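Structure record follows, encoded as structure tokens.
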Protein chains: 2
Amino acid sequence: MKRIAESTVRRLSIYLRFLEESENRGLATISSQELARRGGTTSAQVRKDLSFFGSFGKRGLGYSVPELSASLRDILGLRRTWNVIIVGAGKIGTALAQYRGFRQRGFIVSAVYDRDPRKIGTVWESLTVRDVAGIEKDIDAAAPDIAVLAVPGEEAQGIANRLVKAGVKAILSFAPTQIHTPADVTVRSVNMAMELEGLSFALTSRDRNGAEDGLDSASR
Amino acid sequence: MKRIAESTVRRLSIYLRFLEESENRGLATISSQELARRGGTTSAQVRKDLSFFGSFGKRGLGYSVPELSASLRDILGLRRTWNVIIVGAGKIGTALAQYRGFRQRGFIVSAVYDRDPRKIGTVWESLTVRDVAGIEKDIDAAAPDIAVLAVPGEEAQGIANRLVKAGVKAILSFAPTQIHTPADVTVRSVNMAMELEGLSFALTSRDRNGAEDGLDSASR
DNA sequence: CGGAGCTTGTGAATTGATTCACAAATTATG
DNA sequence: CATAATTTGTGAATCAATTCACAAGCTCCG
Ligand SMILES: NC(=O)c1ccc[n+]([C@@H]2O[C@H](COP(=O)([O-])OP(=O)(O)OC[C@H]3O[C@@H](n4cnc5c(N)ncnc54)[C@H](O)[C@@H]3O)[C@@H](O)[C@H]2O)c1
Ligand SMILES: NC(=O)c1ccc[n+]([C@@H]2O[C@H](COP(=O)([O-])OP(=O)(O)OC[C@H]3O[C@@H](n4cnc5c(N)ncnc54)[C@H](O)[C@@H]3O)[C@@H](O)[C@H]2O)c1
């Protein structure tokens with residue numbers, strides 16, 4: 001099977017979100033053009049993205065909203081639920097653990113870990129913060145699919161190593177440092193400082209170059 | 001001036017973070033190779049990225065850590081501080097407002113807004129949550145550089161419109177919806193559900209294709 | 001039923017990003 | 001000081017992603 005670009009996968013997520021919204025509004029069909037308009041891309045891009053996985057539309061008509069929704073959920077692996085653990089019960093870990101958007105899409109937070117004795121044992125909505133010392137044993141027993149890293153930057157690589165050794169194959173990191181893992185472990189990272197620096201760069205270079213040098217109008 | 005790719009700017013941020021770490025450890029020089037190893041890329045990529053902005057190294061020796069740090073801060077617009085406001089004093093807005101990493105890099109949160117009367121007026125570390133109704137007046141007076149959007153998805157576009165109208169030129173959104181703005185406003189978005197879906201896709205397609213189809217070993 | 005009007009799916013062309021590869025510059029060494 | 005060992009900076013080549021452009025399929029309407 002062809003290798004799918006990360007940018008394509010990101011767009012599929014965007015299309016799916018808009019499709020679900022359209023589904024709720026009772027819309028029956030949608031064109032690549034409309035999908036593109038809302039997703040900040042072009043209709044050719046939408047069709048090309050979908051074409052990697054098959055042929056989902058009807059010429060002259062567009063795509064059936066419920067069918068394309070279902071196909072995208074299938075492609076993205078969202079027909080099942082995923083068992084997620086969070087390491088680091090700090091400010092960001094807490095926000096994530098309580099975020100309803102995850103559960104709605106099938107990402108079930110099953111455990112939260114920390115190393116601070118003052119946090120271990122505290123309870124948030126049916127989740128008890130556990131001691132990170134026992135994480136390997138827990139991973140062995142429960143085989144979580146995805147681990148979210150919400151520990152300070154200096155700790156992140158060390159925890160990632162432990163997670164990988166214990167068998168975790170997918171990591172979402174919020175640490176502002178690069179995480180290195182073997183090739184069979186997928187890592188995504190969200191680096192908020194980097195995003196702000198991207199804005200700082202854009203604002204600065206806009207000024208430097210005098211006239212507006214307009215980047216995209218829709219967010220990536 | 002040449003248009004700089006977003007991927008290049010992201011990598012510059014990564015290089016800078018590692019350079020600052022090296023600076024703290026007292027390292028005097030560093031090679032493109034070492035920078036690449038830590039940043040999860042190649043030495044040619046590092047040199048190419050830097051070459052868009054000038055020539056910073058010494059052949060045979062590498063780059064002076066403090067000089068390259070300073071140049072990158074300059075390029076990224078980090079010699080000044082930036083005035084940041086946060087809209088939405090919920091779970092994620094709270095975490096962000098208290099995050100020390102932002103201030104350390106010169107992003108100063110000057111105000112937080114919400115529309116919930118129970119939240120308006122509450123104080124977090126010297127910041128009082130203000131009523132979003134008055135945000136236009138405040139923007140007029142204080143001209144914040146960057147607005148962080150931490151409101152529910154349904155509210156995000158509406159707030160973005162108000163911000164743009166009031167003159168904001170850079171937005172960092174955490175809403176899981178696409179934000180559309182005129183071309184002279186830069187938007188970055190952090191969509192955590194999308195990141196998890198990317199992991200779901202990777203795990204699923206790995207399974208589907210039997211053998212490992214290894215993506216990158218270093219996070220993007 | 002036939003033609004006008006859309007819209008998909010997809011090779012081909014184009015644009016963009018990364019990697020290669022090597023001359024030029026510098027340091028280290030004997 | 002000459003030679004070996006590094007490492008940068010950058011055109012050229014390659015690889016990847018996006019856009020173009022159009023044949024083919026479907027609907028709708030008279
Ligand atoms: N708070 C934010 O808004 C924000 C924004 C961007 C990035 N981040 C990043 O997210 C990470 C967490 O940030 P935070 O603000 O939540 O920090 P925090 O200090 O509030 O929380 C970190 C938590 O991790 C725990 N911890 C530390 N080492 C650990 C270990 N080895 N094992 C298990 N738990 C450990 C600490 O006890 C603490 O509870 C950091 O890397 C930070 O840079 C946070
Ligand atoms: N909590 C998380 O970990 C998390 C993770 C990913 C994404 N997000 C996204 O971040 C956003 C905020 O999430 P949250 O979990 O903090 O939600 P939340 O409900 O805790 O907070 C949202 C806040 O926005 C305020 N608000 C609503 N409409 C407003 C308006 N028009 N003007 C000003 N304030 C308004 C609400 O009063 C509330 O305080 C959402 O879009 C969510 O999808 C959150």
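Bear in mind the structure is a predicted one, so any value in this text is a computation, not a measurement. All values below come from the heavy atoms of this structure, side chains included, with hydrogens, waters and symmetry mates left out. Reminder, nothing fancy here: chain letters follow the sequence lines and each chain counts from 1.
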Distance check needed: [N] [atom2] versus [X] [atom1], whole Å only.
| X | N | atom1 | atom2 | result |
| --- | --- | --- | --- | --- |
| A/Leu61 | C/dC6 | CG | P | 14 Å |
| A/Glu34 | C/dT8 | CD | C1' | 16 Å |
| A/Leu50 | D/dT19 | CG | P | 15 Å |
| B/Glu6 | D/dA16 | CD | C1' | 17 Å |
| A/Phe53 | C/dT8 | CZ | C1' | 17 Å |
| B/Arg47 | D/dT7 | CZ | C1' | 7 Å |
| A/Lys58 | C/dG5 | NZ | P | 23 Å |
| B/Asp49 | C/dT18 | CG | C1' | 10 Å |

* **Most 5' of B/Lys48 and B/Ser43 on DNA chain D, judged by nearest nucleotide** =>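 Counting from the 5' end, the first nearest nucleotide belongs to B/Ser43.
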
* **DNA chain D: 5'-proximal contact among A/Ala44 and A/Gly60 (nearest heavy atom)** =>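 By nearest-heavy-atom nucleotide position, the 5'-most residue is A/Ala44.
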
When you measure from the side-chain N and O atoms of [X] to the phosphate of [N], is any distance below 4.0 Å, counting only OP1 and OP2?
| X | N | value |
| --- | --- | --- |
| A/Ser55 | C/dG9 | yes |
| B/Ser32 | D/dT7 | no |
| B/Gln45 | C/dT19 | yes |
| B/Ser7 | C/dT18 | yes |
| B/Arg11 | C/dT18 | yes |
| B/Tyr63 | C/dT26 | no |
| B/Thr42 | C/dT19 | yes |

* To do: Please list, by residue number, the residues of residues 65-77 of chain A whose heavy atoms come closer than 4.0 Å to an atom of DNA chain C; answer none if no residue qualifies.
  =>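 The stretch gives none, as no residue of it lies under 4.0 Å from the strand.
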
* Asked: So, does the side chain of A/Arg59 form a donor-acceptor pair with the base of C/dT8 at under 3.5 Å?
  ->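 For A/Arg59, whose side chain was compared with the base of C/dT8, there is a donor-acceptor pair (under 3.5 Å).
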
* Under 4.0 Å between any heavy atoms, over every strand shown, what does B/Thr8 touch: base, sugar-phosphate, or nothing? Just pick one. =>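 Nothing, no heavy atom under 4.0 Å.
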
* Within 6.0 Å of CD in B/Gln157, more than 12 heavy atoms from elsewhere ->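 Yes, the 6.0 Å shell around CD holds more than 12 heavy atoms from other groups.
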
* **Heavy atoms of other groups near A/Gln98 CD, more than 12 under 6.0 Å** =>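 Atom CD in A/Gln98 is crowded, with more than 12 foreign heavy atoms closer than 6.0 Å.
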
Look at [X] together with [Y] and state whether they make a salt bridge at an N to O cut-off of under 4.0 Å.
| X | Y | value |
| --- | --- | --- |
| A/Glu20 | A/Arg105 | yes |
| A/Arg10 | A/Glu6 | yes |
| B/Asp184 | B/Lys169 | yes |
| B/Arg17 | A/Glu197 | yes |

* Check whether any side-chain N or O of B/Ser200 sits under 3.5 Å from a backbone N or O of A/Leu76 as a donor-acceptor pair, and report yes or no. =>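 It does hold such a pair.
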
* Asked: What closest approach, in Å, do B/Gly198 and A/Val9 show between heavy atoms, and which atom pair accounts for it?
  ->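 Answer, listing the atom of B/Gly198 first, then A/Val9: CA-CG1, 4.1 Å.
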
* Select one nucleotide: of C/dT26, D/dC20, C/dA17, the one nearest the side-chain heavy atoms of B/Ala5. =>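 Closest nucleotide among those given: C/dA17.
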
